Structures are given as C-alpha cells and as structure tokens.
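A quick write-up on the structure given underneath.
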Amino acid sequence: MRVLLKVLGIGAALVVVAVAGAIVYVTTIDPATLIAPAQAKVRQATGRELRVGAARIALSLHPRIVLSDVALSNAAWASTPDMVKAQRVELSLALLPLFARRFELGEIHVIAPRFALETDASGRRNWEMRPADPGAPAAVPDTGGAHLAAAVAVGDLRIDAGVITYRDAAGVAPTTIAIDTLVLRDRGAGSDLRVDFRGRLRSTPVTLSGVIGPLHALAAQRWPYPIDVHGEVDGQPFTVATKVRAQDHRYTLDDLHLTLAGSAVKGRFAVDTGGVRPKLAFDLDAPTLALRAVPVPVAPSAAAAPAPGPSGGTRFIPDTPIDFAALRRVDAEGRIAIGKLVAADGRSYDHLLLPITLRDGRFEMRDFTLGALGGTISGNVTVDASRPEAAVLALDVDGKALTLGSLLAAAGHSREVQGGRSDLAVQLTMRGASPRAWLASANGNVRFVSGAATIVNPKVADPVAAWEQLGNVLNPFRTRDATTELVCAVVNLPLRDGVARSDRALAMETTKVGVAASGVLDFRNETLDLVFAPQVRQGISLDFAGLSDIVRLSGPFASPRVSVDVAASAKVIASVGAAIGTGGISAAAQALIGWADGRGPGPCQIALGAAPAPAAARSAAESKVVAPAVDALGKAIGKLFGK
C-alpha cells in the first residue's frame, strides 16, 4: 500500500509540474506572434484582410486564446465591408502538446458570428476568393511565430448565436439562417464528424443531428463526401442521406435519399454555379409526397387587398399577383416522377410525370401526365417570364375520362353523381401577373363534354341563389324528382381577348329537358349575359307551371340575376350573330322544338358543331309547343320563384 501511495504521489507531482510548466510556457507566448502570421497567410491565400480587435490568453487547465472583434473583409463590389464578423473567437489549447511546440485546438468556439453572402448582377459571388500575387512579399514580417508549430490540429467547432444572410442581385428579401447552436465533434483518428444544429430558416425552426465526413477530406476535395443526418423542420421529422461531389462550379448530390413527414424522395440533384445564373439538374422519384406536411419557408410579403368588382363588390376571379421573378433567377432541367401527390388542400393526384425545362426565364413542362379528377390529365404548359412586365402563359391540356362529380367538387359545387365520364380540352394563351389578368387576356378555346350521369337533386336549395333559380327554371323536374338523368352536357367556348361569345355553344340534355344557351361571358369586367332556351322532350308531361321559352342570366359573375325579358334576350342573341325567329322565339329555341319532336340534332350535338335541321314551315305540333310559351311565361316563372 505504501508503495502504491508513493507512486501516486510521484505521479501527482509530475502532473502538477507539467501543468505548471505548460502554464508558464503559455504565459510567455505573445498572441501577436500567432495572429500576425495568420493574417499574412489569409491575405496571401484569399486576397482578403483578417482583422482582430484584441487578443489575450485565458489561463486554466485548458488555456484559451481569446480573440475579440474578428472580421474578414468582403469583396470590393459587395454591399457590406465585411463578409464575416464575429464578436469573439475562443481557441482552446491542449496542454501537453505545447511541450512539443505543437498546437492542438481542442475546440474552436465562435460567438455571435455574422456571415453575409451575396451575388451581383454579373453572377459574381463574394465567397469566391482569389489568392494574392504569389510573388508579392508578405506584409507582416516573420517574428518567429510562424514557426511555433509544425502543424495545428483542430478538434471540435462550436458556433453560438450566429446569423447567415444571403441576398442576390434581384433585390428580393434576403434568405436568413439563424444559428442558435452548431457543433461539429471529431469522432477521433480523422474519422467522420458528429454534427448538431439548432436554428431557424427564416422563421421556420430546424433541428439537425447526424454524421458528415471529416473536414480535412472536404478541404482536400476527396469525393464523394458523405452526409447522413436527421432532424425536424417546423416539427416535422426528416432524414437526408447523400454523397456530395464538387468539381469546378458544379455540386452534385448522388444517391440522394430524403424523407419528410412520411414523404420520400430519391434520385440525383446537381447545382452548377458557373454561369450567370445557377443551373439545377435533377432526376427525382417520390413514391408519395404530401405537400401539406412540407413546410416551405417563404419570404414575407405584403398581403394584396381584394380588388373591387365592376359594381364595387369583391371580384369573383382572384386578382392576387403571381410573382414569376424566381423563374428568372435560375435555370433548370430535369424530371420529377411522383407516385401519389397530396396537395395542401387535401386533393390527391396519381402517377405524375413532370419533365421540366427552365432557361432564361422561360419555363416549359412538355408532355406531362398526371392522374386527377378521376381520369388522366396531360399536355404542355409554358410560362414565358423573360420579360417581367409581360409574362405569357400557354396551356395545351387534355383531360380524359374525368368524372363529373370530381369536376363539380373542384368547382365548389359538390353533388352526389354516378357516371358522367367527361373530357376536357383547353388551348389558351394568356398574359399578365394574376389569374384575373390571364383570363382577361385569354385567346383560344375551352371544350368540355360530359356523358350520361345520374345526379342526386338537392333536397334543400337556396331559393335566392341565382344558380338555384336558374336550375329550377331550366329543369323544373328537379324539384319533384329525386335524381336528374343527365344525357350529356357541353361547353364549347372560343375566347378572344378575354371575351367568350356563345351561339348555342353551352348545352345540356336530360331524359326530360334540353337546354341551349347563347350570349357573352366577358372576363375583362367579369360580367355575363346569357340567354337559355329550354324545351321539354316530346311525350313528357309538364303538369305544373309550364316551361319558359327563354330565360336570361346577366350581371356580375359574383352575383348574376335571373330574369324573363324576351326583347332583351333577343338583343343578346343577335349580338352573337344567332338568328331571331318569328314570334320572339330564338334560333336556339327553334332548333330545340325540332329536337323535342324527335327531329334534328340535339343541343349537345349543335354545341359541338352539328348543323341544326333546316328551317321549315311550322307544323301544327310546333304551334302547340310555341304558342302557349309566351302566354304562360309570367305564371311559370312566378310559381317557380314562389310568387
């Protein structure tokens, strides 16, 4: 026991002597002998100035060199004088290596740093640095401090209360990353690093933990560089695993596996920063992707007030500006395939294949496909935002085998529907920066055709709503029958400069009633003026109220009104070039009389371009149908409106 105590005593004495000797040695070091050579090397390697306000040595069992007000100068063209500023930098030294004149930094602790990153209009980046003239003499004389250590080993890195800002030449609000804590821990023997991060991307909280490759491998550009981390974004769990490669200005994420709140993405992603704009290249597959669970940090923007409508009310079509500036900031080319996409509003889309090209502000998605609304939608979408003042949109989209019930629900009119297989074709060219501007300038055609369907009639309908009034007038059977048996429905509208003119291009047939509509929809001022000509099929008994010959729907989109005005309706029909028949009966009504008697094409066929039957002398049957129409008009509408 005595021997053991003696050995321990000797060991303790040696430790005390070693610590004392190290402390004495450290106190003899002038911090300037360390700082001046470092400043010279930074200047030579980067062409930038490293400034240190003050330096001191703090003695303890782990001596620290404390540097205050540290800054690295910025590029000459940058908006701020310094690219990096730190309130304090603490370098923790290991004691024993000091005897071998070797500095081992157990930890570098950076307090309150500010990193200001930016690009200019020509594509220059302030973090790209060029060495000073290698032939130029060092500005700081060699005081011997440069030879104090043959090498410097670095252990852990810790950053507290830091901020990274990035701004580009477009002048938008800068992207901000707040660093509450960032710690990189050496796992020993030059192996991978343990990383822990807590902070915010703009206002979105982010936490991250995991493993990355050693810093010396990154500095030596030994690729691939592994990353395997996990954490939370706005409370949603995520994982990222990839292998990073960098060559010249191109950075590639190979074998990318990303999961976020149950969504998964895999593939390859690359960024090339060598041009005027960054260029993205990608090939990504996602079995599932739920946008509702994906927190997307966005720059704050002022909320646009609703634009007044034609009569001072709120507009029906949103006038919220759509900013296409992002399309001019990057170029991109790639492919995204998604098995199932759940949008933020809960609607789901299947089997998406989205080929994307973005170049010089022109976005193209050609030959895209997706399963939606019960069928398949495919086609081409182009957004030309190369000129900020005149963005141009072009749609060439086909929807096949869509379901009528899904379309009604998407339009905000949910009904219980069976059947109703529908096709939709949209060819439009538009310009502007909001949905209202697009429709107000639209040129092209919209064509919709629905097949047979059974529609459950509403048990309770709003008697004041114009659409309910119109439905009751055009199809009075729906107030008695449990269902409406739809035969077909057609919309075949050409648009010219935001105005659609219909000559019997809107049509519907049920097993009891046929309806054709003519008139004008003006998307420039959001008004409509349509005349509907309903007719009952031959053999169907109408033992209540009678059926109106022509009904007019007019006024703002947001609040149209239903009326019976034969003279005004005649003017509307004449305005679109349709003929006016004798006795105030429109061309649409005359065509329907023949259809009701089983002669000639029906309203759906006419809306799709079939010529109506040739006009002939009125038969006795036609007279029976037409003669009572005008006489019974007031009584019919009055009873249907509850008067």
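Nothing here was measured: the structure is a model prediction, and the numbers come from that model. Along the sequence shown, residues are numbered consecutively beginning with 1.
Look at Glu364 and Arg362 and you find a salt bridge, because one of the NZ, NE, NH1 or NH2 atoms lies within 4.0 Å of a carboxylate O, short of that distance. The existence of a salt bridge linking Asp196 and Arg185 is confirmed by a sub-4.0 Å separation between a basic side-chain nitrogen and an acidic carboxylate oxygen.
Take Asp180 and apply the side-chain hydrogen bond (donor to acceptor under 3.5 Å, both in side chains) test, not counting sequence neighbours, and it matches Arg200. Shown here are the ring pair (Phe, Tyr, Trp, His ring centres under 6.0 Å) partners of Phe238, two or more places apart in sequence or in another chain: there are none. Residues meeting the salt bridge (Lys or Arg N to Asp or Glu O under 4.0 Å) test with Glu416, sequence neighbours left out: none. Applying the side-chain hydrogen bond (donor to acceptor under 3.5 Å, both in side chains) rule to Glu90 yields the partners Arg64, Arg88; only residues at least two apart in sequence or on another chain are considered.
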Chi angles and distances behind the side chain to side chain contact (heavy atoms under 4.5 Å, CB included) call for Thr320, Ser434: CA-CA 6 Å; Thr320 306; Ser434 71; 5.9 Å; no
Trace of the side chain to side chain contact (heavy atoms under 4.5 Å, CB included) decision for Asp156 with His109: CA-CA 8 Å; Asp156 299 339; His109 189 186; over 6 Å; no
Residue pair Leu201, Thr175: steps toward the side chain to side chain contact (heavy atoms under 4.5 Å, CB included) verdict: CA-CA 8 Å; Leu201 175 56; Thr175 300; 4.0 Å; yes
Stepwise side chain to side chain contact (heavy atoms under 4.5 Å, CB included) check, His249 with Glu128: CA-CA 11 Å; His249 296 282; Glu128 293 180 341; 3.4 Å; yes
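Using a 4.5 Å heavy-atom threshold, the side chains of Phe368 and Ile356 count as separate. Put simply, the side chain of Ile212 reaches to within 4.5 Å of the side chain of Leu184, judged on heavy atoms. The closest side-chain heavy-atom distance from Val211 to Val229 is not below 4.5 Å. Within the 4.5 Å cutoff, the side chain of Pro435 has heavy atoms near those of the Ile322 side chain. Looking only at side-chain heavy atoms (C-beta outward), Ile338 and Ile336 come within less than 4.5 Å of each other. Lys85 places none of its side-chain heavy atoms less than 4.5 Å from the side chain of Asp69. Counting heavy atoms from C-beta outward, Asp254 and Arg245 have side chains that approach closer than 4.5 Å. Side chains of Thr46 and Met83 form no contact here, defined as non-hydrogen atoms less than 4.5 Å apart.
The CZ atom of Arg431 sits 10.0 Å away from the CG atom of Leu393 when rounded to the nearest 0.5 Å. Separating the CD1 atom in Ile108 from the CZ atom in Arg158 is a distance of 14.0 Å, to the nearest 0.5 Å. In this structure, OG1 in Thr259 is found 10.5 Å from NE2 in His257, a value given to the nearest 0.5 Å. Here Glu232 contributes atom CD and Leu208 contributes atom CG; the two are 11.0 Å apart, rounded to the nearest 0.5 Å. Between Phe115 atom CZ and Ile159 atom CD1 the span is 4.5 Å, to the nearest 0.5 Å. Taking OG1 of Thr119 as the reference point, atom CH2 of Trp77 lies at 6.5 Å (rounded to 0.5 Å).
Here the closest heavy-atom approach between residue Phe448 and residue Ser422 is recorded as CE1-CB, 3.4 Å. The two atoms that bring Leu408 and Val417 nearest to each other are CD1-CG2, 4.0 Å, heavy atoms only. Pairing each heavy atom of Ala286 with each of Val265, the nearest pair is CB-CG2, 4.0 Å. Between Ala433 and Trp438, the shortest heavy-atom contact is N-NE1, 3.9 Å. Between Phe197 and Gly199, the shortest heavy-atom contact is CE2-N, 3.5 Å. Residues Arg347 and Ala409 come closest through the heavy atom pair NH2-O, 4.2 Å.
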Donor-acceptor pairs under 3.5 angstrom involving side-chain atoms of residues 369-380: please list them, not counting sequence neighbours.
residue: Asn380; atom: OD1; partner: Asp367; partner atom: N; Å: 2.8

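Each salt bridge (Lys or Arg N to Asp or Glu O under 4.0 Å) pair with one or both residues in residues 330-343, not counting sequence neighbours, appears once here: Arg277-Asp331, Asp283-Arg335, Asp285-Arg335, Glu333-Arg359.
A donor-acceptor pair shorter than 3.5 Å cannot be found between the side chains of Ser386 and Arg328. With 3.5 Å as the limit, one finds no donor-acceptor pair spanning the side chains of Asp234 and Thr204.
Not a single donor-acceptor pair under 3.5 Å links the side chain of Ser348 to the backbone N or O of Leu341. The main-chain N or O of Lys243 is never found under 3.5 Å from a side-chain atom of Asp255 such that the two would form a donor-acceptor pair. Using modelled atom types, one side-chain atom of Asn126 and one backbone atom of Glu118 make a donor-acceptor pair closer than 3.5 Å. No donor-acceptor pair closer than 3.5 Å links the side chain of Thr252 to the backbone N or O of Ala270.
Taking the six-membered ring where tryptophan is involved, the planes of Phe269 and Phe282 are essentially parallel, since the angle between them stays under 30° and well short of 60°.
Counted within 6.0 Å of CZ on Arg114, heavy atoms from surrounding residues, nucleotides or ligands total more than 12; the atom is thus considered enclosed.
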